[in-house]
Amino acid sequence: LCFLVAGIAAASSSSCVGTISSLDDVSSAIECTTVNINAFTVPAGQTFKLQLLDGTTVNVLGEIQFGNMSWAGPLFELWQFLIFPVNGNNQRWDGGGPFYWDGKGASGGIKKPLPMMEILISGTLNDVYVVNSPAHAFAIFNPGPLTISGVTVDDSQGNYPNAQSGKVTAARNTDGFDVAGNNVIIQKRYFFLQDDCLAIKMGTNITFADNYCEGGHGISIGSIPSNIVVSNIEISGNNVVGSAYSFRIKTDTSATNSAVQNVTYTANTATNCTYYGVLITQSYPSNMGTPGNGVTISDINFSPGTTSLTANDGTYRVAVNCGSGSCTGKWDWSGLETSGGKAGSIINNNVITGFTQ
C-alpha cells in the first residue's frame with residue numbers, strides 16, 4: 001500500500017525514511033516524508049493513526065491485522081488535509097470480524113469497533129483491500145474532493161451462522177462506505193456485505209459508479225435525520241446482486257428541515273432482489289409505516305439510460321411512501337425497467353412519470 005501526500009512541504013518535514021513495524025514506531029516515522037509500513041498486528045483496543053506531513057509517501061509492505069477486543073474503535077484513522085493520492089496495491093487490512101460477529105450487529109451484543117477505516121483525506125484512494133470488518137468498513141469525512149477507485153470490502157465470511165450467532169447470519173451492519181462529505185467519487189470495485197454497499201448520510205456532488213455489490217442492503221441514501229441535505233447524487237453503471245434492497249432512499253419519520261434532491265440513477269443492473277427493488281420511504285425505520293413530511297424529496301430520476309431490475313418471487317419491485325406534499329419536482333422514471341416479483345404501493349406521490357407497474 002503506497003500513500004503519497006502532495007502539497008507544500010511543512011516546515012518540520014524531513015527527507016528521512018521512517019519504518020513502522022509496530023505502533024511504537026509511528027511517532028518518529030511520521031516525522032519523515034517517506035514512511036514504510038511492514039506487516040504487523042495492531043494491538044487490541046488501539047487505533048493505528050497516521051497524521052502525516054505534507055508530501056509524505058507511505059509504502060505498506062505487508063498485511064495489517066488488528067487485535068481483537070470489545071471496544072468503540074476506530075481501528076485505523078488517516079488524516080491529511082491536502083491532496084493525498086493513495087495506491088493500495090490490494091494489500092489486505094484484516095479487521096478480525098469473526099471475533100465480533102454475533103448476529104446482533106452494531107447495536108447489540110459484543111461492542112464492535114466502528115468504523116474500521118476512518119478516512120479524512122482529499123485526493124485519491126486506490127486499490128485498498130479490506131476483509132472482515134467488525135461492523136462498518138469505511139467512514140468518509142473528506143476535507144476536499146476525493147476519488148476512491150478499486151477498493152474491495154469482502155465480509156463474505158460473515159454470511160453464515162457461527163457459534164456466537166446461533167442460527168442467524170453472523171455479520172450484520174457491515175456497511176461498505178458511509179459517506180458524509182462533498183465531492184466524492186467511489187468507483188470500479190467489489191463489495192460483499194451484509195448491509196448497505198453505500199450509505200450516503202449527508203453531502204453534495206457524490207458519484208457511485210461501476211461497482212459490484214453482492215448481498216446486504218444495496219445502494220442507499222440515509223437514513224436522513226433532521227437538518228441534513230443530500231444533493232446532486234449520481235448512481236450509475238452499478239451491478240447489485242442478491243440484495244434485500246437494490247436502491248433505497250430512507251428518511252426518518254420524525255425528521256424535519258432536511259432535503260434529498262437531484263438524485264439520478266443511470267444504467268444500473270439489479271438481480272435477485274429479495275425484499276424491495278426500489279424503496280423510497282419517509283417512515284424509516286419502518287419500510288411502509290406512517291410517513292413524516294419534514295424532509296423534502298425532490299427530482300429523483302431513473303433517466304437517462306436504462307436501469308434494469310429483476311425481483312425474486314414475492315419481492316416488491318417498487319414501493320414509494322411519501323409524506324403529504326413532501327415528494328416534489330421532476331421524477332422521470334422512464335429508464336426504469338422491472339420484472340418478476342410483485343407491485344408495491346406508491347403513496348402520496350403523483351409526480352412519477354414514465355413508469356407503471
Side-chain angles (χ1 to χ4, degrees), residues 196-209 217-224 228-238 240 243 245-253 255-270 273 275-284 286-311 315-357:
D196 297 328
C197 184
L198 168 72
I200 298 175
K201 303 299 186 181
M202 63 181 296
T204 188
N205 297 328
I206 298 169
T207 298
F208 191 75
H217 293 172
I219 299 170
S220 294
I221 295 173
S223 65
I224 302 300
I228 292 294
V229 173
V230 173
S231 65
N232 299 333
I233 308 300
E234 180 179 351
I235 308 297
S236 64
N238 301 288
V240 182
S243 293
Y245 309 85
S246 297
F247 310 106
R248 182 167 52 153
I249 298 174
K250 47 185 178 175
T251 69
D252 295 351
T253 303
T256 60
N257 194 39
S258 291
V260 177
Q261 55 199 21
N262 297 323
V263 180
T264 302
Y265 299 89
T266 303
N268 302 282
T269 301
C273 310
Y275 198 12
Y276 286 88
V278 175
L279 176 64
I280 297 176
T281 181
Q282 297 200 268
S283 64
Y284 191 79
S286 172
N287 285 328
M288 296 296 291
T290 301
N293 63 358
V295 181
T296 300
I297 303 180
S298 61
D299 301 304
I300 310 300
N301 295 291
F302 284 88
S303 177
T306 299
T307 289
S308 173
L309 186 151
T310 304
T315 297
Y316 296 104
R317 294 186 297 271
V318 173
V320 179
N321 188 23
C322 295
S324 177
S326 58
C327 288
T328 65
K330 177 184 176 183
W331 293 48
D332 178 358
W333 287 25
S334 59
L336 177 61
E337 296 183 353
T338 64
S339 61
K342 59 186 179 182
S345 300
I346 296 180
I347 298 171
N348 291 329
N349 187 309
N350 60 4
V351 293
I352 294 173
T353 62
F355 175 79
T356 57
Q357 62 171 343

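Just so it is clear, the model here is predicted, and its values are computed rather than measured.
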Modelled atom types, side-chain donor and acceptor of S326 and N293, under 3.5 Å: no
So do the side chains of V263 and I221 get within less than 4.5 Å of each other, counting heavy atoms only?
-> yes
| Below 4.5 Å, heavy atoms only, C-beta onward: do Y265 and N301 meet side chain to side chain? | no
Would you say T306's side chain and S308's backbone share a donor-acceptor pair under 3.5 angstrom? no
Residue set satisfying disulfide bond (SG atoms under 2.5 Å apart) with C322, at least two apart, ordered chain then number -> C327
For M288 and S345, run side chain to side chain contact (heavy atoms under 4.5 Å, CB included): C-alpha distance rounded to whole Å, both residues' side-chain angles, the deciding distance at 0.1 Å, then the answer.
-> CA-CA 9 Å; M288 296 296 291; S345 300; 3.9 Å; yes
Counting C-beta onward and ignoring hydrogens, is there a side-chain heavy-atom pair between T266 and I235 closer than 4.5 Å? no
* Are T204 and S231 linked by a side-chain donor-acceptor pair shorter than 3.5 Å? -> yes
For residues 350-357, dump all side-chain donor-acceptor pairs below 3.5 Å to protein atoms at least two apart in sequence or in another chain.
from	atom 1	to	atom 2	distance (Å)
T353	OG1	W331	O	3.3
Q357	NE2	V318	O	3.0
Q357	NE2	G344	O	3.0

Quick one, V240 and F247 - any side-chain contact, counting heavy atoms below 4.5 Å?
yes
Fill in: Main-chain N/O of G341 paired with R317 side-chain donor or acceptor, under 3.5 Å
yes
Quiz item: Are Y316 and Y275 close enough that their ring centres sit under 6.0 Å apart?
Solution: no
Requested in this report: Answer yes if the side chains of Y245 and D196 hold a donor-acceptor pair under 3.5 Å, and no otherwise.
Outcome: no
Shortest non-hydrogen pair, G203 vs I233, comes out as O-CD1, 4.4 Å
Exactly one of T251, T328, V320 clears side-chain contact (heavy atoms from CB on, under 4.5 Å) with I297, and that residue is T251
- Query: Taking the side chain from S246 and the backbone from G218, do they hold a donor-acceptor pair closer than 3.5 Å?
  - Reply: no
Quiz item: Within the side chain of D299, is there an N or O that forms a donor-acceptor pair under 3.5 Å with the backbone of G329?
Solution: no
Please test N238 against T269 for side chain to side chain contact (heavy atoms under 4.5 Å, CB included), starting from the C-alpha separation and ending with a verdict.
CA-CA 6 Å; N238 301 288; T269 301; over 6 Å; no
* Asked: Just wondering, do K250 and S220 contact through their side chains at under 4.5 Å, heavy atoms?
  -> yes
CD1 (I219) and CG (L198) are apart, to the nearest 0.5 Å, by 7.0 Å
Between T315 and C273, the two heavy atoms sitting closest are OG1-O, 3.0 Å
Less than 4.5 Å apart, any side-chain heavy atom of T253 and any of Y284? no
I'd like to check V278 versus R248 (side-chain heavy atoms, cut-off strictly below 4.5 Å). Are they in contact?
no
Under a 3.5 Å threshold, yes or no: a donor from one side chain and an acceptor from the other, between S283 and T281?
yes
Counting only pairs under 3.5 Å, give me each side-chain donor-acceptor contact of residues 333-340, with atom names and distances, residues two or more places apart or in other chains.
from	atom 1	to	atom 2	distance (Å)
W333	NE1	I300	O	2.9
S334	OG	D332	OD1	2.7
S339	OG	T310	OG1	3.4

Minimal heavy-atom distance between Q261 and V229, with the atoms involved, is NE2-CG1, 4.2 Å
Between the CG atom in N349 and the CD atom in Q282, the distance rounded to the nearest 0.5 Å is 9.5 Å
CD1 of I249 to CD1 of I200, rounded to nearest 0.5 Å, is 9.0 Å
